[in-house]
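Every heavy atom of this structure was used, including side-chain atoms; hydrogens, water molecules and symmetry mates were not. Numbers here simply count residues along the sequence, with the first being 1.
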Amino acid sequence: MYCLAHPDFYDVLDERKSPDALFSVARRPVPEGWAHHPTDTWMYYTPAEGEPPPLQGWKIHVSARVDDAERAVAVVWDYCVPRGVPFKFLRGLPVLVMLGSKAASRASSGKLVTIYPRDETQLELVLKELNELLREVKGPYILSDLRYGEGPLFVRYGGFAERHTLSESGERVLAVEDGAGELVPDVRNAVFSVPPWTTLPDFLQPHLDARNAIKLDGLPYKIESVLHFSNGGGVYLGEDLRTGARVVLKEARPYAGLDAAGRDAVARLGHERDILVRLAGLDAAPALIEYFELGEHHFLVQEFVDGTTLQRRLLRRYPLTKATSTRADLEEYTRWALETLDSVERAVHSLHGRGVVFGDLHPDNVLLTESGRVVLIDYEVATLVEDGARAALAHPAFVAPQDRNGVQVDEYAMACLRMALFAPQCTIMQPMNHGKVRHLGAIVRETFGADLGPAIETIAGDASWTAPPMPGQDPWPVVRDAIAKAIAASATPERDDRLFPGDPAQFKPGGGLDLAHGAAGVLYALHQAGCEPVHEDWLRRRATEPVAGSGLGLYDGLHGIAHVLDLLGHRQDALDVADIVQREKWEGLGVSLFSGLAGIGLNLFHLGLTEPAARAVELCAGRLDVVLPEISGGANPRAGLMHGFSGPALLFVHAYEYTGDPELLDLAETALRLDLRRCLTADDGSLQVNQGWRLLPYLDEGSAGIAMVLERYLRHRPASELAPELDKLRLVARSGFFVQSGLFTGRAGILAAFGKGVRDLRWHALPYGGGLAFPGDQLLRLSMDLATGSAGVLLALATAVPEPRAHLPFLESPTRDEYRKEV
């Protein structure tokens with residue numbers, strides 16, 4: 001959604017420039033006696049007088065397809081306003097389409113309107129009456145809810161007011177009260193359930209019975225496992241009970257999984273069936289077995305191809321991600337990659353011979369079998385050669401420019417695939433600068449010895465490449481000034497929501513100001529790099545009047561802002577901001593450095609507020625007595641500097657440096673062990689955080705951040721049993737490639753942690769505003785923020801030069817006397 005507004009940056013849609021950004025109902029005057037609260041996604045309306053709505057209960061969701069959305073919102077408005085029933089609706093069609101797209105969340109998809117009845121009596125009445133008014137409206141099934149009848153109304157128990165608690169993984173999440181009055185997470189899965197402390201209203205029981213009556217009984221297939229879920233449906237591995245053969249079943253949900261042409265998953269699955277009929281007998285396509293409907297869902301059954309995706313082969317074989325790769329490894333990989341690419345190209349050409357343009361070529365849609373067969377899967381957006389058309393849905397790293405049609409779409413994607421096997425995901429940056437592929441081609445030729453000239457010309461077309469100053473190639477002052485120039489060129493001091501463009505997270509309440517994604521982080525990086533801060537008054541004016549819902553922590557909120565204001569010489573402003581946090585319920589936060597007690601405690605020490613700082617230390621210490629699984633993330637607490645126990649460990653080390661109490665170093669060791677037990681040794685010998693399905697080396701919740709704190713701890717206890725772990729953690733710095741360039745989850749974080757990899761930042765370097773910039777997370781847009789973008793790269797580069805002595809907040813290494821003097 002945040003890619004729709006601007007070609008260079010993640011941003012929110014401006015309804016003044018986009019007529020469709022708002023439903024016409026949203027332009028109506030706010031009803032007299034009502035309060036209105038708009039967000040980037042929702043428009044909230046609540047009666048300002050009378051009894052306030054309950055904090056939680058059974059809520060109603062209205063689902064609608066694009067054609068019916070405007071009418072459905074108008075019906076709800078006309079119904080709820082005179083009856084005083086609170087409600088909210090999506091801002092406009094662009095948001096509805098994005099939340100209904102194939103890649104959208106299955107748990108929230110389909111929800112156009114939410115209505116908040118005051119009790120079960122009103123719940124039943126509203127459902128009965130709206131069901132008549134919305135009888136002709138059609139929309140996608142809301143998977144998290146129970147459907148009322150056959151229409152577009154759904155119900156779910158959940159929170160009405162925004163309350164928060166900590167999840168089992170330590171994250172701050174939306175909450176509801178359980179039967180004992182305790183706040184528990186308001187779980188929003190893609191499956192309907194009734195919380196154990198309440199019961200389903202009796203009048204809804206027949207609707208639940210109708211839902212449960214839909215079964216797979218009688219079908220000649222047995223589902224064995226889920227291969228993939230998307231908002232459009234699922235892909236399942238099954239068995240044909242008639243033959244015993246393994247098959248793949250593809251599911252499509254009506255009105256869900258929208259593409260750019262407005263087609264839903266059902267339309268695309270029917271199209272795929274027709275294409276597979278046309279390709280019958282072709283080695284490059286799976287065989288079609290059957291097509292059927294069940295409970296409004298459509299299913300396509302096709303041959304199971306026992307192969308591995310090209311993406312998985314790439315991840316396993318790509319040598320630059322391994323710390324121990326040699327020149328021989330690079331040469332062997334190059335041979336394999338070029339041979340594989342030629343085989344894929346032959347498969348694509350065989351489709352063209354049958355008059356079909358594949359239209360969605362990328363590594364996850366290519367299966368490689370042990371016998372050497374190459375199979376292309378997923379024909380939902382395939383087109384016919386004779387039509388000269390374009391696919392309405394495609395991987396953003398492989399989507400052809402608007403001037404390419406028909407077979408040219410596949411030729412362009414094939415060229416991108418050739419580049420992708422040597423520069424994984426880097427082709428996703430091309431829409432921001434098509435000439436960048438020429439630079440990437442030079443890097444690939446230098447690194448692998450592979451000449452991708454024809455592919456480069458296919459991608460670049462007429463675009464040229466003018467290189468900005470490059471890290472590791474041009475002098476540090478030149479590179480520094482180029483990044484600062486790009487940052488300054490991107491500034492929007494006329495806006496209130498953000499000063500510098502960054503990650504979409506900056507559009508959360510207060511996110512445009514904070515350290516991770518907002519103005520404070522950019523100003524911090526400029527200060528640390530020895531640059532002149534720009535527009536610091538913008539931050540000062542807004543810091544002491546934070547918007548509702550602003551975070552309190554070091555990286556997500558007010559304490560990070562206070563820290564930067566103090567560094568910039570505005571101490572009273574910093575103390576005023578810290579005082580705002582002291583009046584909030586900060587003691588109930590989690591322990592993390594990013595948003596919790598560890599970061600708050602560190603800044604309290606920095607500001608000389610030692611009593612609440614000691615309280616933060618005490619609270620963190622009290623939460624070390626935990627038994628953690630060996631897997632990080634998911635439903636488990638995350639490891640690492642920003643979200644794991646390395647943050648509290650850093651706080652304990654700082655507290656030791658302030659007090660000299662050795663018990664604090666004992667606490668730091670205990671906290672570090674909690675993170676280290678969730679690390680696993682990779683094939684190359686490096687120690688990385690284990691997430692079960694992948695290993696993470698990064699700064700935020702990977703091994704690099706743990707290494708930074710462990711190194712700090714070992715300065716005081718060099719003979720610790722943990723000392724040998726540091727060398728294993730450092731080994732990942734030898735890797736030659738990281739998918740992203742950012743500080744938290746990319747190359748810059750490795751540079752900040754280990755001082756290696758300056759020159760490798762060239763993979764992602766892009767010109768902007770006469771200077772040098774870097775893409776944010778997912779590489780779809782540029783970012784200037786600290787966590788994901790150019791400011792983070794600037795800070796990381798500054799840590800690698802002798803002067804100034806740049807560092808992440810509180811990861812400098814003062815002596816105890818220096819620390820006390822500073823305080």
Side-chain angles (χ1 to χ4, degrees), residues 167-171 308-309 311-326 329 333 424-425 591-594 624 626-650 668-714 720-740 742-754 756-757:
S167 68
E168 291 184 4
S169 62
E171 300 300 306
T308 304
T309 66
Q311 177 68 13
R312 186 163 294 184
R313 287 273 179 93
L314 166 63
L315 290 173
R316 189 163 60 235
R317 301 187 68 135
Y318 192 67
L320 293 185
T321 58
K322 299 174 177 62
T324 54
S325 64
T326 63
D329 294 329
Y333 175 82
Q425 293 299 316
V591 299
S592 76
L593 180 69
F594 186 86
L624 294 182
V626 293
V627 178
L628 296 175
E630 294 181 357
I631 304 299
S632 168
N636 304 315
R638 290 189 277 177
L641 175 65
M642 293 295 167
H643 304 285
F645 280 92
S646 293
L650 182 61
E669 180 174 332
T670 299
L672 283 165
R673 286 184 183 277
L674 289 173
D675 270 0
L676 287 168
R677 82 178 301 270
R678 290 177 287 168
C679 292
L680 194 67
T681 302
D683 292 341
D684 61 7
S686 63
L687 193 62
Q688 301 183 40
V689 170
N690 178 20
Q691 286 199 321
W693 62 284
R694 64 174 179 176
L695 300 181
L696 281 186
Y698 301 119
L699 184 143
D700 65 343
E701 54 183 300
S703 52
I706 299 172
M708 295 179 81
V709 181
L710 177 57
E711 181 180 22
R712 179 67 175 273
Y713 163 78
L714 292 175
S720 168
E721 293 179 354
L722 300 183
E725 304 298 293
L726 185 58
D727 288 338
K728 300 177 187 176
L729 293 167
R730 284 173 169 163
L731 190 60
V732 75
R734 297 183 186 176
S735 298
F737 184 82
F738 293 88
V739 170
Q740 300 185 147
L743 184 65
F744 279 21
T745 57
R747 162 61 71 187
I750 304 300
L751 172 61
F754 306 115
K756 295 181 179 180

Student: Which residues pass the ring-ring contact (aromatic ring centres under 6.0 Å, His included) test with F594, sequence neighbours left out?
Tutor: H643

Student: What I'd like to find out is whether the side chain of K756 reaches to under 4.5 Å of the side chain of R730, using heavy atoms alone.
Tutor: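 K756 vs R730: side chains apart.
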
Student: Between L680, V732, D683, L687, which is the residue that forms a side chain to side chain contact (heavy atoms under 4.5 Å, CB included) with L695?
Tutor: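 The option that passes is L680.
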
Student: Carefully, step by step, assess M708 and L650 under the rule side chain to side chain contact (heavy atoms under 4.5 Å, CB included).
Tutor: CA-CA 9 Å; M708 295 179 81; L650 182 61; over 6 Å; no

Student: Could you check if a side-chain atom of F738 sits within less than 4.5 angstrom of a side-chain atom of Q740, using non-hydrogen atoms only?
Tutor: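 No, every pair of side-chain atoms sits at 4.5 Å or beyond.
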
Student: Between Y318 and T321, what is the shortest heavy-atom contact and its length?
Tutor: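 Reported closest heavy-atom pair: O-OG1, 3.1 Å.
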
Student: Does the pair R673/E721 count as a salt bridge with the N-to-O cut at 4.0 Å?
Tutor: yes

Student: Can you confirm whether R734 is buried at CZ, in the sense that more than 12 heavy atoms of other residues, nucleotides or ligands lie under 6.0 Å from that atom?
Tutor: no

Student: Compare every heavy atom of Y713 with every heavy atom of A668, then report the nearest pair and how far apart it is.
Tutor: CB-CD1, 4.1 Å

Student: Step by step, work out the side chain to side chain contact (heavy atoms under 4.5 Å, CB included) result for L722 and L726.
Tutor: CA-CA 7 Å; L722 300 183; L726 185 58; over 6 Å; no

Student: For K322, give me all partners under salt bridge (charged side-chain N to carboxylate O under 4.0 Å, His left out), at least two apart in sequence or on another chain.
Tutor: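 In terms of salt bridge (charged side-chain N to carboxylate O under 4.0 Å, His left out), with neighbours along the sequence ignored, K322 is linked to no residue.
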
Student: Looking at I750 and P697, what are the two nearest heavy atoms and their distance?
Tutor: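 Between these two residues, the closest heavy atoms are CD1-O, 3.5 Å.
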
Student: Would you name the heavy atoms of V689 and C679 that are closest together and state the gap between them?
Tutor: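 Smallest interatomic distance, heavy atoms only, reads CG2-SG, 3.9 Å.
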
Student: I need the minimum non-hydrogen distance between G746 and Y698, along with the two atoms involved.
Tutor: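 Reported closest heavy-atom pair: N-CD2, 3.5 Å.
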
Student: Is it the case that the side chain of T308 and the backbone of R313 share a donor-acceptor pair, with hydrogens and angles ignored and the cut-off at 3.5 Å?
Tutor: no

Student: Using modelled atom types only, decide if a donor and an acceptor are shared between the side chain of D700 and the backbone of M642 within a distance under 3.5 Å.
Tutor: no

Student: Donor-acceptor pair, S632 side chain versus R638 backbone, under 3.5 Å?
Tutor: no

Student: Please name all residues satisfying side chain to side chain donor-acceptor pair (under 3.5 Å) with D675, sequence neighbours left out, ordered by chain then number.
Tutor: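 Expected list: S646, R678.
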
